[in-house]
Amino acid sequence: MSNLIPHLVVHDGAAALDFYAQALGAQIVDRHTTPDGAKVVHGVMLIEGATVFVCDDFGDMMGPCASRSPEALRGTSVTLTLSVPDADASHRRLVAAGGTSTMEVAEQFWGSRYGKAVDPFGHEWAFNTHVREVAPDEVKAASDRHFA
């Protein structure tokens with residue numbers, strides 16, 4: 001495992017693990033549920049070689065240790081960026097599986113094809129494919145023009 005592991009809190013852990021397997025090609029490594037099987041306490045998946053944890057939102061049941069889903073928080077401030085061989089195909093796959101495109105994939109001034117989509121559980125994913133080298137001064141000039 002890497003030194004930094006994202007932990008995604010969702011409103012339906014079982015459905016989320018199934019979605020990530022379909023939409024992102026995630027390999028589900030482990031899945032621990034509550035005794036009744038209704039909620040995922042701890043799921044482990046590999047996406048593009050990276051470990052990601054998934055669990056259900058248990059609301060206030062966890063007291064001060066509560067982790068909340070993007071739906072409960074009405075949004076997320078985190079984008080999970082995947083470096084992939086084909087950003088266009090990865091973006092299309094997530095959207096076809098039920099995600100919503102928030103930024104169509106296009107060539108960006110920093111030398112990548114890049115786009116974003118939100119999954120049905122409220123997490124934002126960015127897909128990045130490096131396509132060309134761009135000198136730092138060119139990136140700065142293009143950034144200045146973009147944000148002018």
Do the side chain of D56 and the main chain of G13 share a donor and acceptor less than 3.5 angstrom apart? yes

Any donor and acceptor pair, going by atom type alone, linking the side chain of D57 with main-chain N or O of S69 inside 3.5 Å? yes

ILVMFWY cluster, [X] and [Y] together (side-chain gap under 4.5 Å):
{"X": "V54", "Y": "W125", "result": "yes"}
{"X": "L17", "Y": "L80", "result": "yes"}
{"X": "V40", "Y": "L8", "result": "yes"}
{"X": "I47", "Y": "V44", "result": "no"}

Please step through salt bridge (charged side-chain N to carboxylate O under 4.0 Å, His left out) for the pair R132 and E107, ending with a clear verdict. CA-CA 10 Å; R132 64 184 174 89; E107 190 158 331; 2.8 Å; yes

For a 4.5 angstrom cut-off between non-hydrogen side-chain atoms, does F147 reach R145?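 A side-chain contact is absent here, since even the closest heavy-atom pair is not under 4.5 Å.
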
Looking at side-chain heavy atoms only, is the closest gap between F109 and S143 below 4.5 Å?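 They are in side-chain contact.
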
Polar contact flag, side-chain donor to acceptor under 3.5 angstrom, N128-T81: no

F58 ring centre to K39 NZ or CZ under 6.0 Å, with the angle to the axis within 45°? yes

Does a salt bridge link D88 with R93, judged by any charged N lying under 4.0 Å from a carboxylate O?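 Judged by the 4.0 Å cut-off on N to carboxylate O distance, D88 and R93 do not form a salt bridge.
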
